[in-house]
2 protein chains.
Amino acid sequence: MPLRPLPAVQKEDAGRRTAERLRLLAEQLQPQRRMVHTGDVIYQAGERFGNLYILNSGFFKIVNLSADGREQVVGLKFRGDWLGFDGIAGQRYVCDAVAMDTGEVWVVPYESLLAACAAHPALLQMLHAAMSREIAHDRDSLMSVCTLPADARVADFLRYWAESLADRGMRTDEITLRMTRAEIGNYLGMTLESVSRALSRLARDKVIGFATKGRREVQIPDVGALSAFVQRCLAPAPAMLQ
Amino acid sequence: MPLRPLPAVQKEDAGRRTAERLRLLAEQLQPQRRMVHTGDVIYQAGERFGNLYILNSGFFKIVNLSADGREQVVGLKFRGDWLGFDGIAGQRYVCDAVAMDTGEVWVVPYESLLAACAAHPALLQMLHAAMSREIAHDRDSLMSVCTLPADARVADFLRYWAESLADRGMRTDEITLRMTRAEIGNYLGMTLESVSRALSRLARDKVIGFATKGRREVQIPDVGALSAFVQRCLAPAPAMLQ
DNA sequence: CGAGCCCTTGAGCCTTCTCAAGAGCGGTGG
DNA sequence: CCACCGCTCTTGAGAAGGCTCAAGGGCTCG
C-alpha cells in the first residue's frame, strides 16, 4: 500500500521556481501592479471579464455565490497563483476574489496576454500549467470534502496551507491563518464549532501547537504529522495486536 | 431574493452550438478518432501526459486517486467536453478517465494542438473556454457538496445531468443514469443507501419518476421542479402562515 | 474600560452512516 | 426452461458524527 505523497525533490529551490516564473512573467508582460489590502475585492461575480491577475504577494480567497444566496469559499490563492480563469468561458467572472492580507497583484489584460503568448510560447505554457494546476487542485479539494471526516479535513487543510507556503519558500513551522474559523469551516463544508474542536484535538495530540497569544497563529513542527493524522482518521481500526 | 438560475435563452439551438464547435475542431485538428466502450480507460493517473481528448459521444467519469487508496469520482464528461487538462501542469495525468458508455473520443496531441492554435486563434479561445468552464464547474460541485443536504445534492445532481444533456440538445424527460447508486454516492460524498433514499423521496414527491422496468432510467418531467426541490431543502422553515 | 468579534466548550438533537435483510434483474449452465 | 448466482437496489433499525443552541472567555480597538 502506497502511503506517502512524497511531492518530488525540491528543498533548497523551493520558492526559487516561483520567483523565477514571476520574474519571467513580469519581464514579458510588464503588468500593471496593484496593491491590495485585507478585504479588497479584485473582481466580483457578474462583473465583465477582461483581466487575469497574478498574485505576487499576499493571500486571496475565491468565493462562489449561488443564485439562491449561498456563499462559499471555493479556493485559496498564494504567491504566484493566477486569478480570474473562471471568467474566460462566459466573459463574466463567476466568483469573487477577496484579499485576505496586504499584497500585490499584477493585472494582465487577457487580450494582451494572448498577444504576448503568440510571441513567447513559454508564456502560453505557463498559463496552461496554471489552469491545469487549478483544475487538479479543485479535484483534490472535492475529494477531501467527500472522503475525509471533519477532523481529517482540518488537518488536511493545514497540510495544504503549509505545503503551499513551503512550495513558495516560506516558513511552515509557524503559520498565520488568514481566515476565521467560520471561513475555514465554510471552505471545508463544516461548522465553525467543528473546526474549533478539530483544532483543539490536533493541539491536544501535539500535531499542531498554538502560539502564546492568539489562536490565529498555528505552529506546525512537522507537516508529515498532519498527513499521519489524516491517515489515522481513515483507519478507524485501532489494530490492537501486531 | 433571486431564486432561479435561468440559464439564458437557448432553446432550439441547444446542441447546435456544441455540434458547431465540434465540427470546427474536427476540421482544424483532423484528430484521430477512437471508439470506446463501457469501462474503457482513456488515460490513467500516473501515465505520461501527451494528449488531450475531446468527447464526441458517450459519457465519461473522471476518477481521482489519493496516495492512500481513496478513490473518488470528481467529474462527469459529456459530448463536446475535453479530457486530460489535469495532465498539463505535471506532464502526467493525475486522474483516470473511464468510459461509462459506448462512445467516440478524438485524440488531440497537445503539441500539435498548440501548433494549430498558433494558426487559428479561435482554437485557442475554445481551449481556454473549455478549461475555464471546467474550473467554474468544479467550484460549483464543491459548493453543492459543502452546502446542500443529501437529498438536495441528489436533486442537484439530476438537474446538472439533465441540463448537461439539454445543453447538447438531448432529451431530458427520460434519462439513463450511467452510474450505480454507489458511484453517484461517491461523486456526491454520501453513501449508496442515502442516494437510494433520496431518489425514493424524489419519486414519492413526484419530482422524478421511475420507468416501468429498472431504476436506472429516471423520468424528469420538469427540470425546474428539481431546482425547486433543492430550494425547499434549503428553506427548512415550513412558513406556516403568510 | 466597555463593545464587538472571535474562539472554545458543553449538551442535546438530527442527519447521515452502518449494518442487515430481502427483493429485482440478468446471465449462465444444468 | 428453470434454478442459481452475482450484482444492484431498497428499506429498516440503531449508532454516531457533526450540527444547533447556548454560555462564557479572550483580544482588539476605540
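To find a chain, count down the sequence lines: A is the first, B the second, and so on, and within it residues start at 1. Because only heavy atoms are used, hydrogens play no part in the values below, and waters and symmetry mates are left out as well, while side chains stay in.
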Decide yes or no for A:Leu55 and A:Glu104: does some side-chain heavy atom of the first lie under 4.5 Å from some side-chain heavy atom of the second? no
No-hydrogen, no-angle side-chain donor-acceptor test under 3.5 Å, A:Asp173 and A:Gln219: no
A correct 5'-to-3' footprint of nucleotides 8-22 of chain C, with B, S and - meaning base, sugar-phosphate only and no protein heavy atom under 4.0 Å, is BBBB----SSBB---
Please verify the inter-ring angle class for A:Tyr187 with A:Phe157; under 30° counts as parallel, over 60° as perpendicular, anything in between as tilted. perpendicular
From CZ of A:Arg216 across to P of D:dG26 the rounded distance in Å is 18 Å
Testing the 3.5 Å rule here: is there a donor-acceptor pair between the side chains of A:Arg79 and A:Asn56?
yes
- Note: B:Asp86-B:Arg92 ion pair, threshold 4.0 Å (strictly below): no
Whole-Å distance, B:Glu217 CD to C:dC25 P, equals 12 Å
